[in-house]
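Here's the structure, in structure tokens; my notes come after.
For the numbers below, each heavy atom of this structure counts, side chains included, while hydrogens, waters and symmetry mates do not.
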Amino acid sequence: MKTTELKIKLDGRTFRGQVPCTVSKKRPELGPLIHIDDLEVFEGKIAQRIFAEKLRGPQSFRLCRKFCAMSMQAVADLLQVDRRTVQRWESEESPVPPWAMLLVAKMADERSKGRAVMRKWLQELADEEERPTEIDLDVA
């Protein structure tokens, strides 16, 4: 199987890996062609490392958000912040808070593994349904 090295630079860090590719017989001048699924696997591996290494930064935040296929508004709704706040984080006008980076990186890490526990939990938390005012506890 033929592979090519992909590199992505985020927040001063370079992520690189070998990705399967093909070369067009009709148009070899296009160079290596990478299937969209293989590119998604590559980005998923980056998301996993961002979460595992506790990396932070606006570009890492943006990659994780986009890997989760979420708009700025969708992330803002889940994190219960204004959309402009997310925009300021990604444009480096203000630093991404550690708690926001952790949550978005965790969602991306889970998506790369075919899960969505954190995203579902945040959606439930952001849901405006009324919460109970009286809760009975069994403490015996």
Considering residues at least two apart in sequence or located in another chain, which fulfil the side-chain contact (heavy atoms from CB on, under 4.5 Å) criterion with Arg84?
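Checked Arg84 against side-chain contact (heavy atoms from CB on, under 4.5 Å); matches are Asp82, Gln87, Arg88.
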
Residues two or more places apart in sequence or in another chain: which of them pass side-chain contact (heavy atoms from CB on, under 4.5 Å) with Val23?
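In terms of side-chain contact (heavy atoms from CB on, under 4.5 Å), with neighbours along the sequence ignored, Val23 is linked to Lys2, Pro28.
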
Before giving the answer on side chain to side chain contact (heavy atoms under 4.5 Å, CB included), spell out for Arg49 and Phe15 the whole-Å C-alpha distance, their side-chain angles and the decisive distance to 0.1 Å.
CA-CA 9 Å; Arg49 291 302 297 269; Phe15 297 85; 4.2 Å; yes

What closest approach, in Å, do [X] and [Y] show between heavy atoms, and which atom pair accounts for it?
X: Val117; Y: Glu110; value: N-OE1, 2.9 Å
X: Ala126; Y: Leu78; value: CB-O, 4.4 Å
X: Trp89; Y: Pro58; value: O-CB, 3.1 Å
X: Phe42; Y: Val19; value: CD1-CG2, 4.0 Å
X: Met101; Y: Cys64; value: CE-SG, 4.4 Å
X: Met72; Y: Val86; value: CG-CG1, 3.9 Å

May I ask you to decide if Arg16's main-chain N or O and Glu5's side chain share a donor-acceptor pair within less than 3.5 Å?
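No, because the side chain of Glu5 does not come within donor-acceptor range (under 3.5 Å) of the backbone of Arg16.
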
Whether the side chain of Asp11 engages the backbone of Ser60 through a donor-acceptor N/O pair (distance < 3.5 Å, no angle test) should be reported.
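Yes: the side chain of Asp11 pairs with the backbone of Ser60.
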
Between Asp127 and Gln123, does any side-chain donor sit less than 3.5 Å from a side-chain acceptor?
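The criterion, which ignores hydrogens and geometry beyond distance, is not satisfied for Gln123 and Asp127.
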
Between the side chains of Ser71 and Gln73, does any donor sit under 3.5 Å from an acceptor?
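No - no donor-acceptor pair under 3.5 Å links their side chains.
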
Minimum side-chain heavy-atom gap Glu43-Leu39 below 4.5 Å:
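In short, these two side chains touch, coming nearer than 4.5 Å.
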
Heavy-atom side-chain contact between Ile34 and Pro20 under 4.5 Å:
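Counting from C-beta outward, Ile34 and Pro20 never come under 4.5 Å.
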
Taking the basic N atoms (NZ, or NE/NH1/NH2) and the acidic carboxylate oxygens, is any pair closer than 4.0 Å for Glu90 and Arg65?
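Judged by the 4.0 Å cut-off on N to carboxylate O distance, Glu90 and Arg65 do form a salt bridge.
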
Does this structure show an ion pair linking Lys120 with Glu124, if we count only N-O contacts that are shorter than 4.0 Å?
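Judged by the 4.0 Å cut-off on N to carboxylate O distance, Lys120 and Glu124 do not form a salt bridge.
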
Can you name the residues that form a salt bridge (charged side-chain N to carboxylate O under 4.0 Å, His left out) with Glu40, not counting sequence neighbours?
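Checked Glu40 against salt bridge (charged side-chain N to carboxylate O under 4.0 Å, His left out); matches are Arg111.
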
If I take atom CG from residue Asp109 and atom CD from residue Gln48, how far apart are they, to the nearest 0.5 angstrom?
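The CG atom of Asp109 sits 5.5 Å away from the CD atom of Gln48.
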
Would a hydrophobic clustering, with Ile, Leu, Val, Met, Phe, Trp and Tyr connected at side-chain separations under 4.5 Å, put [X] with [Y]?
X: Leu33; Y: Leu6; result: no
X: Leu125; Y: Trp99; result: yes
X: Phe67; Y: Met107; result: no
X: Ile46; Y: Val41; result: no
X: Leu63; Y: Phe51; result: no

Check step by step if side chain to side chain contact (heavy atoms under 4.5 Å, CB included) holds for Arg119 and Met70.
CA-CA 11 Å; Arg119 188 169 181 167; Met70 297 177 71; 3.3 Å; yes

Flag if over 12 foreign heavy atoms under 6.0 Å of CD1, Ile36:
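12 or below, so no.
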
Set out, in order, the CA-CA distance, both residues' side-chain angles and the distance that settles side chain to side chain contact (heavy atoms under 4.5 Å, CB included) for Ile50 and Leu10, then state yes or no.
CA-CA 10 Å; Ile50 288 171; Leu10 302 170; 4.2 Å; yes

Please evaluate residues Met118 and Leu103 with respect to the criterion side chain to side chain contact (heavy atoms under 4.5 Å, CB included), reporting the C-alpha separation (whole Å), side-chain torsions for both, the decisive distance (0.1 Å), and the verdict.
CA-CA 7 Å; Met118 179 61 69; Leu103 294 173; 3.7 Å; yes

